[in-house]
Amino acid sequence: MIVFDQLKLHSLKFLPVLFFILLSAQQPLCGQNQADTLTDKVKDQIFKKLKNFTFGFYIDTYYNLTLGNRGDTSNIIPFSSNCPVQDQIRMNHAAIELYYNADRIRSKLIIQYGDAPNLLSTPDAQFIKNLRQANFGFRIYKKLWLDFGYFLNPVGFESSWAVLNKLSTVTTGGYFEPGNLLGAKVTYTFNDKLTAGVMFGNPYSLAYGKNTHSAGVVFINYTPLRNLSITYNNFFGNQALIDDEIDNNILYNNLIVNYNPITPLTVTGELDFAWQTNSHLPPDTTKLATMFSGFIQVNYKFLKYLSITGRYEFFNDPDGFLSGPYYYNGKVRGLKINGFTAGVEFRPIEFAYFRVEYRFLEAAKGNYIFYSNTSDLFQALTFTTGVRF
């Protein structure tokens, strides 16, 4: 009995030690549970943000087979927004796209390489040639957005990215349309049918160059009917260099109508008309200069993977304030071109395409602007293929 009592007393001495050991053993388990919970929260936050990201890739190659080439020593086709090099297999674009879209914030970053970016960048803006878009914005009130950065100019239906067009090649008028802006943009969606906005910043354009004068854009998109859309854009600002004594204020207007009378048929029309001060040809250079251009395009989709497109285009810059002066028939005037293009597109899968198109251009008689300044006519077969996903 005494021995039992002594053993019992001896065991009681170890109870605090045993309790401490058990308590210590539980602590890591509790800590591990908390760590797992925190990790799951972090993972959820990361995955939630990744859901708002969209990634894309675009690759486009082409081959121009020029017809009626009269010993042309130049390999660049005049007034090309893409597919510029003739009689060679070339790459138009290789691009990486990154988009972020959330409830109150959005952003775009698109990096591009290839012939088209090199061609369309001005000598004083080479640093920006590989940047197609780089901007971000905030929703500041319901359907009102404020964006900052480097933007595509909404002027014009066509894109230098062939994948966004029904015909790969861009019209002559599209070549002379104003380019991207670096600045700010305000957009408001009134309803499902009407969206409008303004942009302000410095222009980066082959036709206008870059200067320290700011330019502006107004854009309005209206869809009165399900199969009819009407878009009006304009570009305005002083296009003179900062040290010029005379201002060259431009107002460039752009009207686009897109109509689907029946499901497989799409008809698109565009009209550009512009005025610029102090830009008339001599003898009175203080007069207002004018320019008109446009096209009408018809696309018919036979099957899900096969369609044909035809386009008539015109460009008339009598005072040459965009295209420069040309000498012909004893007169001096700006560029005047008419032409048509017809093409077939085959899409084996939704994000890939093969196209072949025939293009014919005719400049004013005596212009001699094609084939190393030997002809007023230009003809070519253009083959393009690309993927964008």
Counting N and O atoms only, with roles assigned by atom type, does the side chain of [X] sit under 3.5 Å from a partner on the main chain of [Y], one being a donor and the other an acceptor?
X: S107; Y: N135; value: yes
X: N92; Y: T61; value: no
X: T285; Y: P282; value: no
X: D376; Y: Y368; value: yes
X: N64; Y: T66; value: no
X: D317; Y: S323; value: yes
X: N248; Y: T277; value: yes
X: N338; Y: E362; value: no

[X]-[Y] co-clustered via ILVMFWY side chain contacts under 4.5 Å:
X: Y99; Y: F389; result: no
X: V387; Y: F354; result: no
X: V267; Y: L164; result: no
X: V163; Y: F57; result: no
X: W145; Y: M199; result: no

Quick check: closest heavy atoms across [X] and [Y], and the distance to 0.1 Å?
X: Y326; Y: F79; value: OH-CZ, 3.4 Å
X: S279; Y: A289; value: O-CB, 3.5 Å
X: F370; Y: I337; value: CZ-CD1, 4.1 Å
X: Y62; Y: P84; value: OH-CD, 3.2 Å
X: L167; Y: R355; value: C-NH1, 4.1 Å
X: Y175; Y: V170; value: N-CG1, 4.3 Å

* **Pairwise salt bridge (charged side-chain N to carboxylate O under 4.0 Å, His left out) hits with a residue in residues 226-241, at least two apart** => none
* Structure fact -> Test side-chain hydrogen bond (donor to acceptor under 3.5 Å, both in side chains), reference S168, set T382, T385, T384, N82, output is T384
* In this structure, which one of N260, T309, N299 forms a side-chain hydrogen bond (donor to acceptor under 3.5 Å, both in side chains) with T266? -> N260
* Asked: Taking everything shown except L303 itself, do over 12 heavy atoms lie less than 6.0 Å from its CG?
  -> yes
* **Enclosure of Q88 CD (heavy-atom neighbours >12, cutoff 6.0 Å)** => yes
Within the 3.5 Å criterion, strictly below it, is a donor on [X] or [Y] matched to an acceptor on the partner's side chain?
X: N165; Y: S159; result: no
X: D60; Y: H93; result: no
X: D247; Y: N238; result: yes
X: E357; Y: T169; result: yes
X: Y232; Y: N253; result: yes

Separation of [Y] [atom2] from [X] [atom1] (nearest 0.5 Å):
X: L265; Y: Y259; atom1: CG; atom2: OH; value: 9.0 Å
X: E313; Y: L361; atom1: CD; atom2: CG; value: 5.0 Å
X: L251; Y: F273; atom1: CG; atom2: CZ; value: 8.0 Å
X: I369; Y: L377; atom1: CD1; atom2: CG; value: 10.0 Å
X: T223; Y: L225; atom1: OG1; atom2: CG; value: 9.0 Å
X: N233; Y: F157; atom1: CG; atom2: CZ; value: 12.0 Å

Could you check whether any side-chain heavy atom of [X] comes within less than 4.5 Å of a side-chain heavy atom of [Y], counting everything from C-beta outward?
X: L271; Y: V257; answer: no
X: E97; Y: Y58; answer: yes
X: N180; Y: L131; answer: no
X: L255; Y: T231; answer: no
X: L281; Y: F321; answer: no
X: I96; Y: Y113; answer: no
X: Q276; Y: L288; answer: no
X: F383; Y: C83; answer: no

* Determine, stepwise, if the pair F360 / Y358 fulfils ring-ring contact (aromatic ring centres under 6.0 Å, His included). => CA-CA 7 Å; F360 172 84; Y358 167 75; 7.0 Å; no
* Kindly indicate whether a cation-pi arrangement holds for R132 with W161, taking the cut-offs as under 6.0 Å to the six-membered ring centre and within 45° of the axis. => yes
Closer than 4.0 angstrom, basic N to acidic O: yes or no for [X] and [Y]?
X: R106; Y: D147; answer: yes
X: R90; Y: D115; answer: yes
X: R139; Y: D103; answer: yes
X: R311; Y: E158; answer: yes

* Taking the six-membered ring for Trp, are the ring centroids of Y312 and F340 within less than 6.0 Å of each other? -> no
* **Close aromatic pair by centroid cut-off 6.0 Å: F351 and Y353** => no
* Asked: Please walk me through it: do F236 and I250 pass side chain to side chain contact (heavy atoms under 4.5 Å, CB included)?
  -> CA-CA 5 Å; F236 57 90; I250 190 174; 5.6 Å; no
What donor-acceptor contacts under 3.5 angstrom involve side-chain atoms of residues 181-197, with partners at least two apart or in another chain?
from : atom 1 : to   : atom 2 : distance (Å)
N191 : OD1    : K193 : N      : 2.8
N191 : OD1    : L194 : N      : 2.9

Whether [X] and [Y] hold their rings parallel, tilted or perpendicular, with breakpoints at 30° and 60°:
X: Y305; Y: F346; result: perpendicular
X: F176; Y: F315; result: parallel
X: F53; Y: F55; result: parallel

* To do: Go through the steps for N258 and T268 under the test side chain to side chain donor-acceptor pair (under 3.5 Å), then give the verdict.
  => CA-CA 5 Å; N258 203 51; T268 305; 2.5 Å; yes
* To do: Taking side-chain hydrogen bond (donor to acceptor under 3.5 Å, both in side chains) as the test, write out the residues that go with D272, two or more places apart.
  => Y252, N254
